[in-house]
Amino acid sequence: MRIPRAWKTGLLISALCLYAWGQAPPSQTPPSPPAKDAPVNEMKGMPPRATPGDYQAHAAAGTLTVAAEFLGHSIPTPQGTLTTEDYVVVETALFGPADARLKISSDEFSLRVNEKKASLPGQPFGMVFRSLKDPDWAPPDAPEAKSKSSFSTGGQGGQGNDPPAPVHMPLELQRAMQQRVQKASLPAGDRALPQAGLIFFPYRGKASGIYSLELTYAGPAGKATLTLQP
């Protein structure tokens, strides 16, 4: 059977391409898919204090010790203190024997405020982002509102002015605040002890109106209840 000339040409080109691919240096081979980046802003927590007695309160949970201190609506970070109106904050630490490890989660903690029956559950740090504020940040001076008309009528001169547009914190500053909160939060997952960091509880009332606080831990290590100072 006679093979058409076009087929012969196609087969020859394919063979040459395969040969060239096999002889190509490694630098010309298709790059492999990039590996996924590791998390940049891992929860590092806060440096644990020297002993559990350096906190407002501490209590045993099995062979471990839970220590804590109430911070109100303040969020301390190495770069300065942030605030949140929607959450109250408890700096918490977990101590244990040498080489002890513990699986940690914020939902193992609850806060009872003013002797109420229902306790406030610990929340992931990301829930706080929407209400974060930096007391040291001030919006730039807004330009003076321009009058729609250069004429003024008696008693009604201000009616032609445009209201000033709301000023929002730049996105890069918001992200920086969120990263600060993430790094200061109590680290989650399987961790070597001691560990310390912040836990957040939903509470929109004023901290000055709190007269009693009980922090409860119920996790793999056991159970402990601590009486904190408002």
Side-chain angles (χ1 to χ4, degrees), residues 39 41-84 86-113 119-129 132-136 176-203 207-208 210-230:
N41 302 306
E42 185 182 0
M43 297 164 63
K44 297 180 179 179
M46 305 177 71
R49 303 181 190 181
T51 69
D54 294 324
Y55 293 84
Q56 279 184 353
H58 60 88
T63 60
L64 307 183
T65 300
V66 182
E69 185 159 328
F70 182 66
L71 304 177
H73 290 285
S74 299
I75 305 175
T77 74
Q79 297 82 8
T81 300
L82 305 174
T83 62
T84 169
D86 295 345
Y87 294 82
V88 288
V89 187
V90 176
E91 181 181 351
T92 307
L94 295 158
F95 296 84
D99 301 326
R101 300 186 66 88
L102 181 66
K103 189 174 182 180
I104 305 171
S105 177
S106 60
D107 60 12
E108 296 166 351
F109 294 84
S110 59
L111 187 67
R112 187 182 179 202
V113 179
S119 296
L120 307 175
Q123 298 293 313
F125 62 86
M127 300 295 292
V128 185
F129 289 171
L132 275 180
K133 291 184 179 179
D134 185 350
D136 295 331
M177 285 198 306
Q178 294 169 3
Q179 292 171 5
R180 289 161 58 183
V181 172
Q182 179 176 357
K183 291 179 179 179
S185 300
L186 182 67
D190 184 60
R191 303 280 179 166
L193 300 182
Q195 292 288 337
L198 306 178
I199 304 178
F200 307 94
F201 302 90
Y203 185 82
S208 58
I210 298 176
Y211 58 83
S212 71
L213 288 167
E214 284 185 353
L215 177 70
T216 297
Y217 164 79
K223 187 174 181 178
T225 298
L226 294 71
T227 300
L228 305 180
Q229 298 298 320

Separation of [Y] [atom2] from [X] [atom1] (nearest 0.5 Å):
X      : Y      : atom1 : atom2 : answer
Gln179 : Gln79  : CD    : CD    : 9.5 Å
Leu94  : Glu108 : CG    : CD    : 8.5 Å
Leu215 : Gln56  : CG    : CD    : 10.5 Å
Leu198 : Leu71  : CG    : CG    : 6.5 Å
Leu120 : Phe201 : CG    : CZ    : 8.0 Å
Leu111 : Ile199 : CG    : CD1   : 9.5 Å

Is any side-chain heavy atom of [X] closer than 4.5 Å to a side-chain heavy atom of [Y]?
X      : Y      : answer
Thr216 : Lys223 : yes
Leu226 : Val66  : yes
Met46  : Gln195 : no
Phe95  : Tyr55  : yes
Phe200 : Ser185 : yes
Ser212 : Val113 : no
Pro202 : Met127 : no

Minimum heavy-atom distance [X]-[Y], with the two atoms named:
X      : Y      : result
Pro124 : Ser106 : N-OG, 3.9 Å
Ala221 : Leu64  : CB-CD1, 3.3 Å
Leu102 : Pro220 : CD1-CB, 4.1 Å
Ala196 : Pro48  : CB-CA, 3.8 Å

Trace of the side chain to side chain contact (heavy atoms under 4.5 Å, CB included) decision for Val181 with Ile75:
CA-CA 7 Å; Val181 172; Ile75 305 175; 4.2 Å; yes
Quickly, which of Val89, Asp134, Val128 forms a side-chain contact (heavy atoms from CB on, under 4.5 Å) with Leu82? Name it, please.
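Passing option: Asp134.
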With distance as the sole test, does [X] use its side chain to make a donor-acceptor pair with the main-chain N or O of [Y] at under 3.5 Å?
X      : Y      : answer
Arg112 : Ser119 : no
Tyr203 : Ala207 : no
Arg180 : Gly80  : yes
His73  : Thr84  : yes

Residues Leu213, Val88; criterion side chain to side chain contact (heavy atoms under 4.5 Å, CB included); working and verdict:
CA-CA 11 Å; Leu213 288 167; Val88 288; over 6 Å; no
Under the rule for side chain to side chain donor-acceptor pair (under 3.5 Å), what residues qualify as partners of Asp190, not counting sequence neighbours?
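Residues passing side chain to side chain donor-acceptor pair (under 3.5 Å) with Asp190: Arg101.
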For Ser105, check side chain to side chain donor-acceptor pair (under 3.5 Å) against everything at least two apart and list the hits.
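With sequence neighbours excluded, Ser105 shows a side chain to side chain donor-acceptor pair (under 3.5 Å) to Asp107, given in chain and number order.
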Given the rule in the side chain to side chain contact (heavy atoms under 4.5 Å, CB included) test, do Glu69 and Val90 qualify, once you have shown the distances and angles that lead to the verdict?
CA-CA 6 Å; Glu69 185 159 328; Val90 176; over 6 Å; no
